[in-house]
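Chain letters run A, B, ... following the sequence lines, proteins first, then strands; residues in each count from 1.
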Amino acid sequence: MSRIINTHSGTARCSQLTEAEVYDKVITMEEAVKMVHDGDGLFWGGFGYQRAPIAFAHELVRQKKRNLTIYTCGSEIDIEIMVGAYVLSRLEIAFVAIEALGLANNVRRRVAEGAIEIEDYSNLAMAMRFLGGALNVPFMPIRTLMGTDIVNKSRYRGDKKLKVIDCPFTGQKVCLVPSVQPEFSIVHVQRVDKNGNAQIDGIVGEDLEGSRCGKKLIVLAEEIVGEEEIRHSPSRTAIPAMYVHHIVVLPFVAHPMQCHNYYDYDLEHLMMFHKMTKTEEGWQEYLDEYILGVDNHFEYLNIVGWERLHSLRAKRPWGY
Amino acid sequence: MVKYTKIEFLTACAASHVRDGENVFGGTGMPLLAALLAKETHAPHINLISEAGFIDAHPRNVPLSVADSRYYYGCAAAIGLIETLGFILQAGRIDVGFLGAAQIDEYGNLNTTYIGPYEKPKVRLPGSGGGNDIASCAKRLVIMMTHDKRKFVKKLDYMTSPGHLEGPGSREKWGLIGGGPEVVITDMCQMDFDPETKKIRLMTVHPGYTVDDVLDNVMFDLIVPEKVPQTPEPTEEQIRIMHELDPHGVYLGKGK
């Protein structure tokens, strides 16, 4: 019989039904990133400006990871950082740019150098690849992409990129997208309990499917809360603990991007980043100052400045 | 006479293609502002959707990203990509979508991925995002581009999103559920598509430009009908409302 501890003293539903003790899933960012091996594939959470796992990208750079493959719909400066520092060699994505600011300068340079290979999909295609992975089926059918170069041209995946077939039931043309089950899923959320029950505020993007498709899920959370808080509002739990292997708790994980209900994007920093990355020298300067020049995420936040960070805090009821 | 900037003109022009009661994929930038303007004027019952998951959005500040928290407050539902691109778009529930592009060909096919050869690209552009899905599935597609000769090409460097593909019957051949591009808005003119050949056709010319200006700035044979009217100008009311929607000039710029 497993050791029983009462984590709900004072509540009625304990006694016979108390849970066995769970081992603490909370680890440090350094420990989490150490688990990633060169050559691994990562589902990369967040969408556009929302809940980008920037702090994880920084640590991948500091630990000099190489030849990783990223699977995501649309990511922006997190991809710029990892591509710029030669952490990634392959990307299976739908979109990379800095919305409202312009092209992804580092990606543009690394593509021209031949340092990275990108297999191009659409947002629906990538989301369905994650759904397929989460469902543990080998592919999913969609009704887009057909007739275009997304189907006709491929890089390292060759004829394993996409397949157009006649539906065996209706005869209609459908496009099959291969499911993805990468080594890790990396997903940033607002809050989590120590068991791993994770709640997301605002839109989920493709993170419901993405969090369930990886062989291991690492959840990055802004805040750790008591189990009662989760059980008080279970419909907000986007990722139940059973999927979660490890938890990292840190503030401002997404800076300079945003985290709904917690903080807004730092437009000034984003514009500075985009301007500096226009040249390789400018990017190297950013990399040295904000990523390699610090030992960890708190030192990064110190450089950004707590006064600045405080000014980004979300205002109720707007959430930004 | 109403005074307006180019951006104000194009925003009003794009808004005219949104019809009341429609489900609209808004995105960000000028198309979003156009959809919001339409909602405040002739199309109060549109359902504005962002592909990131926001449904029936009423943003109080203009969002910079399709996933921006500014889209969240006041929307009717905030869900996810499978919902918006799958259940809504692929299921045929979007009436009109907007896309931009770096290159367009005479059938309205779009490139947003590479400039230069695929094997050794000169410039990596953003890629499809939801663009291919929207071009495949939206009932109507409105394309917005800056008018530059190098962008109106005979052959795309890469076809990211389907227009009318190779002409009549080719969208049907691939079972694409949407109707394809209906109109292209540039800073010189509006173009539509000839129903017989599915080729791009001049529709209206903006004030200050001539048909020859347009013909000098495309690299394929543009169909020119006998009569090419001038594009209607924005009204004072439209300009006032769009500045109320974007008071900080995020998209409209500071000059007013």
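Ranked by heavy-atom pairs under 4.5 Å with chain A, the first of B:Leu89, B:Leu176, B:Ile79, B:Leu165 is B:Ile79. Comparing B:Lys122, B:Glu119, B:Met159, B:Lys120 by heavy-atom pairs within less than 4.5 Å of chain A, the highest count is held by B:Met159. In terms of non-hydrogen atom pairs under 4.5 Å with chain B, the most contact-rich of A:Ala125, A:Ser154, A:Gly74, A:Cys73 is A:Ser154. With chain A as the partner, the residue from B:Tyr118, B:Tyr72, B:Tyr73 showing the most heavy-atom pairs under 4.5 Å is B:Tyr118. Listed options A:Cys259, A:Gly202, A:Gly46, A:Ala97 were ranked by heavy-atom pairs under 4.5 angstrom with chain B; first place goes to A:Gly202. Put simply, of B:Gly130, B:Gly175, B:Ser161, B:Gly74, the one with the most heavy-atom pairs under 4.5 Å next to chain A is B:Gly130. Ranked by non-hydrogen atom pairs under 4.5 Å with chain A, the options B:Pro126, B:Ala78, B:Ala135, B:Gly127 are led by B:Pro126. Ranked by heavy-atom pairs under 4.5 Å with chain B, the list A:Gln50, A:Arg51, A:Arg110, A:Glu76 is led by A:Gln50. Heavy-atom pairs under 4.5 Å with chain B were tallied for A:Gly147, A:Gly48, A:Gly114, A:Gly102; the largest tally goes to A:Gly147. Heavy-atom pairs under 4.5 Å with chain B peak, among A:Val96, A:Ile93, A:Leu131, A:Val111, at A:Val96. Looking only at heavy-atom pairs under 4.5 Å with chain B, the residue among A:Val164, A:Thr144, A:Ile200, A:Leu267 that has the most is A:Thr144. Most heavy-atom pairs under 4.5 Å with chain A, from the set B:Ser128, B:Ser65, B:Ser136: that is B:Ser65.
Heavy atoms only, all atoms of each residue included: B:Cys137 and B:Gln90 are closest at SG-CA, 3.8 Å. When all heavy atoms are compared, the tightest approach of A:Val137 to A:Met140 is CG2-SD, 3.8 Å.
A donor-acceptor contact closer than 3.5 angstrom is absent between the side chains of A:Asn105 and A:Trp283. For the residue pair B:Thr84/B:Glu51, the side-chain donor-acceptor check at 3.5 Å is not satisfied. Side-chain atoms of A:Glu80 and A:His274 form no donor-acceptor pair, as typed in the model, at a separation below 3.5 Å. B:Asn47 and B:Glu22 share no side-chain donor-acceptor pair at under 3.5 Å.
In this structure, chain B has heavy atoms under 4.5 Å from both the backbone and the side chain of A:Val204. There is no contact between A:Ala104 and chain B, counting heavy-atom distances below 4.5 Å. If you measure heavy-atom distances from B:Thr113 to chain A, the contacts under 4.5 Å come from the side chain alone. Using a 4.5 Å cut-off between heavy atoms, A:Leu101 makes no contact with chain B at all. Interface residue A:Arg155: backbone and side-chain heavy atoms are both found under 4.5 Å from chain B. Heavy atoms closer than 4.5 Å to chain B are found in the side chain of A:Gln258, but not in its backbone. In this structure, no portion of A:Met257 lies under 4.5 Å from any heavy atom of chain B. Neither the backbone nor the side chain of B:Tyr251 comes within contact range of chain A, judged by heavy atoms closer than 4.5 Å. A:Leu145 touches chain B through backbone and side chain together, each having a heavy atom under 4.5 Å away.
A centroid separation of less than 6.0 Å is found between the aromatic rings of B:Phe193 and B:His164. Here A:Phe43 and A:Phe130 bring their ring centres to under 6.0 angstrom of each other.
Checking B:Lys198, B:Lys154, B:Lys155 one by one against B:Glu106, the salt bridge (charged side-chain N to carboxylate O under 4.0 Å, His left out) holds for a single residue, B:Lys154.
Counting only residues at least two apart or on different chains, the salt bridge (charged side-chain N to carboxylate O under 4.0 Å, His left out) pairs with a member in residues 57-82 of chain B are A:Asp264-B:Arg70, B:Asp68-B:Arg70.
Without hydrogens or angle criteria, B:Asn23 side chain to B:Arg93 main chain gives a donor-acceptor distance under 3.5 Å. Without hydrogens or angle criteria, A:Arg143 side chain to A:Cys175 main chain gives no donor-acceptor distance under 3.5 Å.
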Between A:Asp201 and A:Tyr262, is a side chain to side chain donor-acceptor pair (under 3.5 Å) present by the stated rule, with each step listed?
CA-CA 9 Å; A:Asp201 296 348; A:Tyr262 283 63; 5.1 Å; no

